[in-house]
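In what follows, a structure is listed as structure tokens, so that the remarks can point back to it.
In listed order, ligands and their atoms are each counted from 1. Only heavy atoms go into these numbers, but all of them, side chains included; no hydrogens, no water, no symmetry mates.
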Amino acid sequence: MEFIDLKAQYQALKKDIDAGIQEVLENGNYILGQPVKELEKELAEYVGVKYCATCANGTDALQIALMVLDIQKGDAVFVPSFTFYSTAEVVSLVGATPIFVDVDERTFNIDSQKLEKAVEEVIQEGKLKPKAMIPVDLFGQPANFDEITRIAKKYNLKIIEDGAQGFGGEIRKKKACSFGDISTTSFFPAKPLGCYGDGGAIFTDDEKLHELILSIRVHGKGEFKYDNVRVGLNSRLDTLQAVILLPKLRAFQEYELVNRNQFANLYTAILKDYVKIPIVSEGFLSSWAQYTILLDSQEERDFLQVKLKEAGIPSMIYYPKPLHKQVVYKDYNFNLEDLKISEELSQKVLSLPMHPYLTEETVKNICDKVIQIIGEFRNGR
Ligand SMILES: *Cc1c(COP(=O)(O)O)cnc(C)c1O
């Protein structure tokens with residue numbers, strides 16, 4: 001059994017993907033070719049924003065967003081502590097300071113009350129300028145953008161939505177990757193919409209920001225590539241990845257997102273009386289980058305993972321260490337009291353196999369095993 005079955009997806013889409021690849025090989029326009037422009041157009045339409053620029057990966061997408069917004073040394077950028085490292089790494093990379101905020105125990109997304117408190121604290125301390133925040137759509141569910149947008153307006157902060165896992169999610173029919181001043185996603189193979197290598201995209205409704213994004217992704221170009229007007233990156237999408245993503249985006253819209261939700265609902269229906277199941281807020285839709293359950297203790301979680309593995313069922317721990325506990329941030333001072341949910345989650349979460357090519361039978365078998373193993377643990381083995 002695969003945790004995410006990319007091979008099954010390839011078999012389903014093989015004809016279109018192979019034909020696309022063959023065409024690129026014969027046409028020879030390997031970087032930012034015409035299919036990349038088509039893809040950007042389709043992505044922007046799907047998400048419901050005016051502009052989309054693809055780039056080399058989801059981390060670059062975030063870095064470019066920070067560069068475009070001129071975030072630099074002396075600036076504070078608020079990020080959740082329970083996320084993948086990129087979200088904070090890029091803040092450090094541009095010389096600014098990530099301020100770690102705890103997450104909500106129900107949704108695992110940034111806690112808006114603690115976010116507002118953290119902004120107030122940074123203002124009071126007076127050492128850093130609060131400039132932006134990077135809420136993450138963790139495991140596929142959009143962050144609480146009603147509250148986040150209110151806080152951003154109140155304190156004049158920019159929002160960069162990290163939609164690396166969130167592509168396809170919705171809040172009241174409005175799509176993820178449309179909630180930030182700039183929003184980003186990743187096409188790393190295991191993400192809800194993945195390519196066959198690295199890739200990413202940057203979304204915005206603001207024409208000026210979009211133009212800066214286009215410049216920065218190609219060495220800070222001006223009128224043309226050899227007219228260099230600012231410091232940029234080399235961060236472009238290969239044409240090969242675009243022809244892989246185009247049929248995948250269609251399958252994603254036609255049935256993959258629906259399938260993910262069906263399998264998530266089935267997991268939830270069977271497991272809800274045994275473990276804490278993921279909670280999707282009223283009016284929200286998740287794209288289920290992960291289906292993540294919460295166990296009663298670290299011992300129970302670890303026991304379950306070992307026993308599942310023995311039964312041939314893969315599972316993953318996202319994430320075993322919150323960012324404020326990472327070695328790279330060991331010298332930072334944090335209000336540790338306020339980050340306890342992130343710490344607790346890192347000890348108790350377990351992600352189960354999730355992808356659009358599961359079957360009901362497989363999900364039921366996984367659930368039976370989970371229930372059986374937890375029963376063993378709770379009855380003293
Ligand atoms: C995967 C991921 C990224 C980085 O994307 P890459 O394409 O791997 O660079 C950033 N943020 C989050 C939350 C992610 O899950």
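- Comment: Glu40 engages Arg217 in a salt bridge, judged by a side-chain N to carboxylate O separation of less than 4.0 angstrom.
- Each of the atoms 5 (O), 6 (P), 7 (O) of ligand 1 lies under 4.0 Å from some heavy atom of Ser186.
- Considering backbone and side-chain atoms together, Gly58 places an N or O closer than 3.5 Å to an N or O of ligand 1.
- At a heavy-atom cutoff of 4.0 Å, ligand 1 is contacted by both the backbone and the side chain of Thr59.
- A salt bridge does not link Arg260 with Glu256: every distance from a Lys NZ or Arg NE/NH1/NH2 to an Asp or Glu carboxylate oxygen is 4.0 Å or more.
- Atom 2 (C) of ligand 1 has its closest protein heavy atom at Lys191 NZ, 2.6 Å.
- If you look at Tyr291 and Phe139, their ring centroids are not closer than 6.0 Å.
- Close approach to Asn57 involves these atoms of ligand 1, each under 4.0 Å from a residue heavy atom: 7 (O), 9 (O).
- Taking OG from Ser346 and NZ from Lys321, the interatomic distance works out to 10.0 Å, rounded to the nearest 0.5 Å.
- The nearest heavy-atom contact from the protein to atom 11 (N) of ligand 1 is Asp162 OD2, 2.7 Å.
- Aromatic pair Phe84/Tyr318: centroids not less than 6.0 angstrom apart.
- Between Glu300 and Arg378 there is a salt bridge, with a side-chain nitrogen of the basic residue lying less than 4.0 Å from a carboxylate oxygen of the acidic one.
- If you look at Val136 next to ligand 1, the close heavy atoms, those under 4.0 Å, all belong to the side chain.
- Near Thr83, the atoms of ligand 1 lying under 4.0 angstrom from a non-hydrogen atom of the residue are 13 (C).
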